[in-house]
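For reference, the structure is listed below as structure tokens.
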Amino acid sequence: MSPPLLKLGAVLSTMAMISNWMSQTLPSLAGLNTTRITTSDSLTQISPKEGWQVYSSAQDPDGRCICTVVAPEQNLCSRDAKSRQLRQLLEKVQNMSQSIEVLNLRTQRDFQYVLKMETQMKGLKAKFRQIEDDRKTLMTKHFQELKEKMDELLPLIPVLEQYKTDAKLITQFKEEIRNLSTVLTGIQEEIGAYDYEELHQRVLSLETRLRDCMKKLTCGKLMKITGPITVKISGTRFGAWMTDPLASEKNNRVWYMDSYTNNKIVREYKSIADFVSGAESRTYNLPFKWAGTNHVVYNGSLYFNKYQSNIIIKYSFDTGRVLAQRSLEYAGFHNVYPYTWGGFSDIDLMADEIGLWAVYATNQNAGNIVISQLNQDTLEVLKSWSTGYPKRSAGESFMICGTLYVTNSHLTGAKVYYSYSTKTSTYEYTDIPFHNQYFHISMLDYNARDRALYAWNNGHQVLFNVTLFHVIKTEDDT
């Protein structure tokens, strides 16, 4: 290949490299690949629900400070992913800017050569015209050779014109990336002035301080139920799922018991994430079938109602053995006094901040609800309270801080309609609605550690958040 054609090959190679870079990089920059640049209107807004909420109020007649503390939902700092994505995008833009700068310098260098070559070619063309006008002074053979070489170089002129246009385009791209970087920096400032790690540490510090504050709170009164959050869709229409309210913060095991009868299999998952993905860690085959869906895990043991009896079983997950069993005296069973949905839900076992409870009905109390506090080791009844609310008219019930809350239905339109305080032995009618999203609730239990209601709603495992009214303990109260 002659020297001019070698130069042409070098120019075309450079242009091919530029074209390849533009085809790979510019779609990402323009948002045609998976990384998309959105406007500030679509940025995640921080909701108050994502952190602890403390609403102060007035003092009571004794001079104590009264406030409402709302426990957080599970997604603290939901903008973490957005912040991380923004930082990665800024780094990508900076890397692209550096690459374009290097490419621009190389292009400018080649462009100077192109300009020089273009001038030479135009001068050569003019000289040939002059020589062509005076052919007689040159030998015909030599003139023909020069003419052929000239014809080979002529197609290079439009290529060089296109090359100049591409060089201008690269300059425009460089300017657009500079503008984009400015916009992204502005968005970052809009999201927050603090570095992500610093912000995360501030959130953790605040959470620790608020948890310390929570330890000073007395038991609270139910004010509101929000949600639900659908965790998973699985199993039959009826069932139970639960975590241990006395487990450590690092222990997030989930237990799953499908159906209300004819089953002895308990499935265990190491975490909520494993539960959602279906990654079982262990399976337990109970020695007896259970009745209903109103079981509870408390301090490492499962408490359940033995099928076709009023016997309560305490089963240890650690040893795989029955640690205790006791008949709940006079308690109706096998659909004698169930909840409104049936399902052998006569005996409801539950736990709260105070301890272990059984809710059931007896003939002696005319089928109305009886509340009994149980010894968690022996299952002995420590104390009982007889209410005037018919068990068959209750949709479900749960205990919070020694107060039983009863729903009026398991179907659409259900609400917390009645409450009974074991502390004062008094009741009141309430009106606390909640969203029965899937129309049929067959399990509803409070977890004191999570400050949430676990529910089985027509084959959906869901969580409800609760708002409690608390009184902060003062030094005079301790």
Side-chain angles (χ1 to χ4, degrees), residues 57-70 216-225 245 294 296 328-332 337-340 345-376 380-410 414-434 444-448 451 453 464 466-474 476-478:
S57 182
Q59 292 183 334
D60 66 4
D62 298 325
R64 294 177 299 182
C65 175
I66 299 176
C67 69
T68 301
V69 177
V70 183
K216 299 179 181 179
L217 297 178
T218 61
C219 267
K221 180 180 179 180
L222 180 65
M223 304 298 292
K224 184 179 180 182
I225 300 175
N294 306 115
V296 65
L328 195 59
E329 191 175 18
Y330 304 124
Y337 295 118
Y339 288 127
T340 54
S345 56
D346 304 69
I347 299 174
D348 192 349
L349 301 171
M350 55 188 74
D352 67 355
E353 292 85 351
I354 295 175
L356 185 67
W357 304 85
V359 172
Y360 54 99
T362 65
N363 290 334
Q364 288 76 2
N365 196 37
N368 295 324
I369 290 176
V370 176
I371 307 169
S372 291
Q373 187 174 6
L374 305 179
N375 181 298
Q376 64 170 304
E380 179 185 0
V381 173
L382 302 177
K383 187 176 180 180
S384 293
W385 293 261
S386 296
T387 77
Y389 197 92
K391 178 74 162 50
R392 282 181 166 274
S393 298
E396 274 289 343
S397 68
F398 53 90
M399 296 287 293
I400 299 179
C401 297
T403 297
L404 180 70
Y405 294 92
V406 182
T407 70
N408 63 342
S409 173
H410 64 282
K415 62 182 178 180
V416 177
Y417 180 72
Y418 176 90
S419 67
Y420 186 94
S421 170
T422 59
K423 182 178 180 180
T424 61
S425 298
T426 59
Y427 71 90
E428 65 176 323
Y429 288 96
T430 61
D431 187 6
I432 304 175
F434 61 94
L444 188 65
D445 278 328
Y446 173 70
N447 186 293
R451 302 253 171 152
L453 293 173
F464 291 94
V466 297
T467 300
L468 304 180
F469 182 79
H470 294 276
V471 176
I472 297 180
K473 294 178 180 178
T474 64
D476 296 337
D477 298 325
T478 57

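The first residue of the sequence shown is numbered 1, and numbering continues consecutively from there.
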Closest heavy-atom contact between [X] and [Y]?
X	Y	result
S397	Y339	OG-OH, 2.6 Å
Y360	S372	OH-OG, 2.7 Å
G402	D352	N-OD2, 2.6 Å
R451	L468	NH1-CD1, 4.1 Å
D346	P338	OD2-N, 3.7 Å
Q376	L356	CA-CD2, 3.9 Å

Could you tell me if the side chain of [Y] sits less than 4.5 Å from the side chain of [X], heavy atoms only?
X	Y	answer
T403	Y420	no
Y337	N368	no
V296	L349	yes
N447	D445	no
V359	L404	yes
L453	V466	yes

Polar side-chain atom of [X] near backbone of [Y] as donor-acceptor pair, under 3.5 Å:
X	Y	result
N365	I369	yes
Q373	W357	no
T430	I432	no
D348	E396	no

(message) With side chain to side chain contact (heavy atoms under 4.5 Å, CB included) as the criterion, how do L374 and L382 come out once you've worked through the C-alpha distance, each side chain's angles and the decisive distance to 0.1 Å?
(response) CA-CA 6 Å; L374 305 179; L382 302 177; 6.0 Å; no

(request) Would you please classify the geometry between the Y427 ring and the Y429 ring as parallel, tilted or perpendicular, with 30° and 60° separating the classes? (result) perpendicular

(request) Please work out whether the ring planes of Y405 and F398 are parallel, tilted or perpendicular, with thresholds of 30° and 60°. (result) parallel

(request) Taking the six-membered ring of F434 (Phe, Tyr or Trp), confirm whether the NZ or CZ of K415 is under 6.0 Å from its centre and within 45° of its axis. (result) no

Interatomic spacing from [atom1] in [X] to [atom2] in [Y] - rounded to 0.5 Å:
X	Y	atom1	atom2	result
S425	K383	OG	NZ	5.5 Å
I371	S384	CD1	OG	9.5 Å
T340	N408	OG1	CG	8.5 Å

(message) If you count heavy atoms of other groups shown closer than 6.0 angstrom to OH of Y417, is the number above 12?
(response) no

